K.L.:
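Take this structure, written in structure tokens, and hold onto it; I'll ask about it next.
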Amino acid sequence: MAEELIIPQETDKKARYEALLPQIEALTMGEEDLIANLSNIAAALRYGMGYFWVGFYLVKAHDMLVLGPFQGPIACTRIPKGRGVCGTAFAEKKVILVEDVEAFPGHIACSSDSKSEIVLPALKDGEVALILDVDSDKLGDFDAVDEAYLSKVMKLIEKML
Ligand code: SME
């Protein structure tokens, strides 16, 4: 595996993802442990893209999302299916992009510094196995470019499930 992350210096978001994605593939290639891989993916995205909080919630018993590997400030440990942005992405099995978290009904504020977020599910056998949550301390920080590249990361993760 790659020993060190080369932080993309480009200001253009697409170019940063382009530089980061092969590194994420190299980081996880040859390692079969899911938690180890999710841990490095969270760190690579947090430091590579500079977002405020990057982490995973894993689906556990009783339709509960439980905090997994993450980078950033401490966060809520459990989110029920259907609650907040993460719980909604889980319930609806779809990507949710929120430009202003205050405007999202039922948003769970783990940190008052979080202003916008994107949440993507990873599916195994047609069911959500985990979700990726990326939070920004800026309003409207996520767009179709994030969705496209983070979806590629989720496809990579789905191969590990
Ligand atoms: N804001 C999320 C909760 C998770 S944290 O922000 C890390 C939500 O509404 O689901």
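Here the structure is a predicted model, which means the values were calculated and not measured. As the structure lists them, so they are numbered: ligands from 1, and atoms in each ligand from 1.
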K.L.:
Flag the pair E127 and K93 as a salt bridge only when some basic side-chain nitrogen lies within less than 4.0 angstrom of an acidic carboxylate oxygen.
P.N.:
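Yes.
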K.L.:
Got more than 12 heavy atoms from elsewhere within 6.0 Å of CD, Q71?
P.N.:
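Counting other residues, nucleotides and ligands, CD of Q71 exceeds 12 neighbours.
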K.L.:
Between the main-chain N or O of E31 and the side-chain N or O of N37, is there a donor-acceptor pair closer than 3.5 Å?
P.N.:
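Yes.
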K.L.:
For Y51, run the side-chain hydrogen bond (donor to acceptor under 3.5 Å, both in side chains) check against D141, D135, D137, D146 and tell me which one passes.
P.N.:
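Looking at D141, D135, D137, D146, the match for Y51 under the side-chain hydrogen bond (donor to acceptor under 3.5 Å, both in side chains) is D146.
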K.L.:
Centre of Y17's six-membered ring, under 6.0 Å away, within 45 degrees of the axis: is that where NZ or CZ of K14 sits?
P.N.:
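No, K14 and Y17 do not form such a contact.
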K.L.:
When the side chains of residues 154-161 are checked against the rest of the protein, which donor-acceptor pairs come out under 3.5 Å, sequence neighbours left out?
P.N.:
{"from": "K155", "atom 1": "NZ", "to": "E158", "atom 2": "OE1", "distance (Å)": "3.3"}
{"from": "E158", "atom 1": "OE2", "to": "L123", "atom 2": "N", "distance (Å)": "2.7"}

K.L.:
Which parts of the protein, at residue level, reach under 4.0 Å of ligand 1 through a heavy atom?
P.N.:
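Protein residues near ligand 1 are W53, Y57, A75, I79, G84, V85, C86, H107, I108, C110, E117, D133, D135.
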